[in-house]
2 protein chains.
Amino acid sequence: MTRILVVDDDPALLRALVINLRARHFDVDTAVDGATALRHAASNPPDLVVLDLGLPDMDGVEVVAGLRGWASVPIVVLSARESQWAKVDALDAGADDYVTKPFGMDELLARIRAALRRAAPEPPTPVITTSGFTVDLAAHRVTRDGAPVRLTPTEWHVLEVLVRNPGKLVTQQQLLREVWGPAYDEQTNYLRVYVAQLRRKLEPTPARPRYLVTEPGIGYRFEP
Amino acid sequence: MTRILVVDDDPALLRALVINLRARHFDVDTAVDGATALRHAASNPPDLVVLDLGLPDMDGVEVVAGLRGWASVPIVVLSARESQWAKVDALDAGADDYVTKPFGMDELLARIRAALRRAAPEPPTPVITTSGFTVDLAAHRVTRDGAPVRLTPTEWHVLEVLVRNPGKLVTQQQLLREVWGPAYDEQTNYLRVYVAQLRRKLEPTPARPRYLVTEPGIGYRFEP
DNA sequence: AGGTGGCGTCAAGGTCGCGTCAAGACGGGC
DNA sequence: GCCCGTCTTGACGCGACCTTGACGCCACCT
């Protein structure tokens, strides 16, 4: 998960930031002064730093410089000072963005997303890996022993539904409705045929399924 | 020298920007509307784009999206709109920074420096190379065995969409929507014709496609 | 022990989608 | 107004995929 270090000495603002970031599924660390911020950043390097310049112990620009001494982590600066010289100082010290208080939370979040986006060189596609094969949902690709596996559209669709619910039981009705439509609730023979074909293409020993497991009378389950 | 493309329809502001940037020894190119901006960016790729959102011909966010389609160049947006939703839209579309008018020139220059600084270490070429042919997305050129290949506009557009998603499956609907528009969702025969023509022009053995692969019933895939 | 229902396997038939070709429609340049 | 390149449209053959039915097996129930 993406780690964000929030540095702010105002308890109310700090709390608001933490709540909003956690709600967006960020892993949030906090600090209330520059010294602890630098210590936390060193011991547990974050993917991004949100830094309020008005700190009790040291000048915010020094914190930026302190971080830039060894880390290339993106830094988004918060400040009450609107003077463009303050902005120039902070940006030239190594900050990546400068947001003036009061600010809108949605704007800050968008700026954080932008800063994270350019820091991430390649957006890794969500790929499901087992010891036997890998499934790349974005690229619609299945590989086994490094070689791509040819799947028919229906085979892929069945596999996709199972893989999107790793470890969870998918009932026959769910599968049939999702792949063939609501009118095919009871055509469980379709499932038998296609699950068998998937096993033949993916399982090391199709007779003894390890990844595509049958739950008799109920449905199927993908075991990662 | 560092090239900067400045896009603004206000002659006074454009002039001020150009003068200040040239004074800092930047190589400055200009455009007064979105269409020419995209054309200039394609024919002579800049290292950074300064983009005023209030353009006469198209929405500024569309220009951002148009650039982001093939280029990872940093984009600093200028706008008179202070609403945080405008900022969120532009940033999420791919802009790197958002500066509200009126702004201080020194602040803008500092933000430009910051944007250039973090973009510096990664110069990814917009050229896709396979063992059979090369595609230059920026220059709109395809070469095979060193010789340029003649493509019609539609052929190029289809190829471009596929090449922008190397290794990934592009569904028929995606392709049709992107090239012909949302109304052509189901004209899959267009794809059959144009993919065949591309294969004839690019594949070593058109009957056995190696780079432009069909995924039966789903779409096509470019294999790098 | 016999019966039953569900699952896995296989093969065959019919349908559908893809590749191919060619002719007509369209539009821009001269 | 003409000409050429490009786009659209239709027809056709072939192969792959989906559907369907039959059969054997196993587990569980009676």
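A note on names: the letters A, B, ... follow the listed sequences, proteins ahead of strands, and every chain is numbered from 1. Source: prediction; values computed, not measured.
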Whole angstrom value for the distance that separates [atom2] of [N] from [atom1] of [X]:
X	N	atom1	atom2	value
E215(A)	dG6(C)	CD	P	16 Å
N189(A)	dG8(C)	CG	P	12 Å
L175(A)	dC7(C)	CG	P	12 Å
L212(A)	dG8(C)	CG	P	11 Å
R192(B)	dG13(D)	CZ	P	15 Å
R199(A)	dC10(C)	CZ	C1'	16 Å
Y194(A)	dG8(C)	OH	C1'	16 Å
L198(A)	dC17(D)	CG	P	13 Å

Within less than 4.0 Å of OP1 or OP2 of [N], is there a side-chain N or O belonging to [X]?
X	N	value
R150(A)	dC17(D)	yes
R200(B)	dC21(C)	yes
Y184(B)	dC7(D)	no
W180(A)	dT19(D)	yes
Q172(A)	dG6(C)	no
T152(B)	dT6(D)	no

Look at E82(B) together with K101(B) and state whether they make a salt bridge at an N to O cut-off of under 4.0 Å.
no
Should the heavy atoms of other residues, nucleotides or ligands under 6.0 Å from CZ of R68(A) be counted, would the total exceed 12?
yes
Spacing of Y211(A) atom OH and E203(A) atom CD [to the nearest 0.5 Å]
7.0 Å
Check for a donor-acceptor pair, side chain of R113(A) on one end and backbone N or O of D92(B) on the other, with a separation under 3.5 Å.
no
Across the strands shown, which category fits T214(A) at heavy-atom distances under 4.0 angstrom: base, sugar-phosphate, nothing?
sugar-phosphate
Residue whose nearest DNA chain D nucleotide is more 5′ - Q197(A) or Q187(B)
Q187(B)
Per nearest nucleotide of DNA chain D, the residue lying toward the 5' end, Y190(A) or P153(B), is P153(B)
If you check the P216(B) side chain, which of dG19(C), dC17(D), dT20(D) turns out closest?
dC17(D)
DNA chain C nearest-nucleotide lookup for G219(A) and V193(A): closer to the 5′ end is G219(A)
How close do P224(B) and G167(B) get, counting heavy atoms only, and between which atoms?
CD-N, 3.9 Å
